[in-house]
Amino acid sequence: MALFFLFLSSVLLATSLDEIKEVSKTDVQKAISMFLNYVKENPSDPGIETVGEFLFAKKRLVEAHPSLSEEIVSEDLQELVKKLKDETFPEEETDLLKRVFPNLESFVRSLQSLSDILEFPFFWKLNVPLEIENPDAFAEELINRFFENPFLFSYEVITALSKIKNAEEIGLAIVQKIENLPLEEEKYPYFLRLFEIARAMGYDRPSTLEEEIRKYFSLMARLNSSLSSEDSKEIVSEYESLTIPKENLRKKMVSLFNERKDRTVHKTQYIYFLLLLPVFLIFSTRFRAFLYRTLGLKKRAASLYLKLLQKSPENVKLRLKLARLYEELGMHEKAMEEYEIIKKLSQV
């Protein structure tokens, strides 16, 4: 009977390999010590080799990646991948990862949507290949999400997209879908960025649409710089060669060219003024008022007419000229005042 109770207690106190693995989720070193004792007592157990590889793989990974020790020890694969930003597992550690995380490959294969990539953008640092099963649907989702929020596509996300095994195939699908979208000038920056994402994924074919959009933005940039007449002719020629919608570009061209024309007119007026300055100084105030008005300097002409009227307040012709100047300047109340004075003077 005593022997029976001794045997029963030894069975109850015995440690199983599964229990050792469970202990390793909180304390790897303790689990290894328990394992070594287990081996001494159960040298012929067929499970020893597998558990031994598991424990020492976990130990080596913890030593190599102390910042990820918590996730490795607790075997939390999802949290491990989320924290991979500053860590990378080299290829020689892939087998170690597979021992600790037996579902590693199935987890990576399950990342089939863009939402998955956005959640786990550092999956590729596990050195397990990911192939998207439906590139067309993935490209569709990518484009839709991009138009909703382009800021989601950070450097890390684009790097992750480029690491997908069939990334080039997805890039081609992206371009094909872009080229079938309605063309709106406001969306050109989005289109161009999508082309860049496709090229980062390995798409390397020429695209007429991409070339035209790049030319569109090049013309926009050139319009913001100082242009010579030769540059203007070249811009107009390139503008006319564009086959994509370009109304906003046309409006900007017209506005800038008109602005430059106005600047040229004003510059010419001032040149004339400087040339005629000696004449202004020699000839009478009335003649200078006439020249100011001819050159379009209407406010100056009006001030001279006012000065003349101080000497000749009853001069109807001068008041009539001043009233018209006020009208041209949009000073309608002033113009009406002058017309009232002219009316009274005419009745005298």
Side-chain angles (χ1 to χ4, degrees), residues 114 117-118 121 132 135-136 138-164 166-271:
L114 179 66
I117 303 300
L118 291 172
I132 299 300
D136 193 70
F138 189 95
E140 184 77 31
E141 183 190 2
L142 188 151
I143 291 171
N144 291 338
R145 291 293 295 274
F146 182 84
F147 278 114
E148 288 172 9
N149 184 4
F151 297 104
L152 285 174
F153 291 76
S154 62
Y155 171 79
E156 287 83 5
V157 172
I158 293 174
T159 300
L161 292 171
S162 71
K163 299 294 184 179
I164 295 171
N166 55 336
E168 185 178 348
E169 189 179 356
I170 298 169
L172 174 60
I174 290 171
V175 171
Q176 289 174 339
K177 290 181 182 301
I178 295 171
E179 291 178 338
N180 286 312
L181 289 173
L183 291 177
E184 300 172 22
E185 286 180 81
E186 293 75 13
K187 291 184 178 179
Y188 287 171
Y190 294 89
F191 283 22
L192 201 56
R193 184 63 177 144
L194 283 168
F195 272 113
E196 289 171 353
I197 291 173
R199 295 204 176 279
M201 296 179 74
Y203 175 79
D204 59 357
R205 305 179 193 180
S207 167
T208 302
L209 176 60
E210 181 186 14
E211 289 174 9
E212 291 230 327
I213 293 175
R214 289 192 182 281
K215 185 185 288 186
Y216 176 98
F217 284 115
S218 173
L219 290 176
M220 275 288 193
R222 289 174 67 186
L223 285 171
N224 290 327
S225 62
S226 180
L227 298 175
S228 66
S229 58
E230 198 61 39
D231 289 332
S232 300
K233 290 178 184 176
E234 188 177 326
I235 285 175
V236 170
S237 175
E238 290 187 24
Y239 165 82
E240 290 175 347
S241 71
L242 289 176
T243 60
I244 58 177
K246 51 191 177 182
E247 179 61 17
N248 292 344
L249 180 59
R250 184 194 68 79
K251 289 178 180 177
K252 188 174 181 67
M253 285 174 60
V254 170
S255 174
L256 287 174
F257 289 159
N258 285 339
E259 185 181 327
R260 192 178 71 171
K261 182 180 177 182
D262 291 341
R263 285 200 302 266
T264 303
V265 169
H266 290 310
K267 185 178 178 182
T268 303
Q269 289 175 341
Y270 282 111
I271 290 172

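As the structure is a computational prediction, the values presented were derived from the model and not from experiment.
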E238 side chain to K215 backbone, donor-acceptor under 3.5 Å: no

Criterion side-chain contact (heavy atoms from CB on, under 4.5 Å) on Y190 and R193, from CA distance to verdict: CA-CA 5 Å; Y190 294 89; R193 184 63 177 144; 5.8 Å; no

Residue pair V157 / L152, side-chain heavy-atom distance below 4.5 Å: no

Within-4.5 Å side-chain heavy-atom neighbours: L114 and F153: yes

Residue pair [X] / [Y]: nearest heavy atoms and the distance that separates them:
X	Y	answer
R199	R205	NH2-O, 2.6 Å
S241	E212	O-OE2, 3.8 Å
L161	M201	O-CE, 3.8 Å

Given I143, N149, N144, the one that forms side chain to side chain contact (heavy atoms under 4.5 Å, CB included) with F147: I143

Charged N-O contact under 4.0 Å between R250 and E247: yes

Test side-chain contact (heavy atoms from CB on, under 4.5 Å) applied to I158 and E196, step by step: CA-CA 10 Å; I158 293 174; E196 289 171 353; over 6 Å; no

Working for side-chain contact (heavy atoms from CB on, under 4.5 Å), residues T243 and T208: CA-CA 10 Å; T243 60; T208 302; 5.8 Å; no

From D136 atom CG to Q176 atom CD, the distance as rounded to the nearest 0.5 Å: 8.0 Å

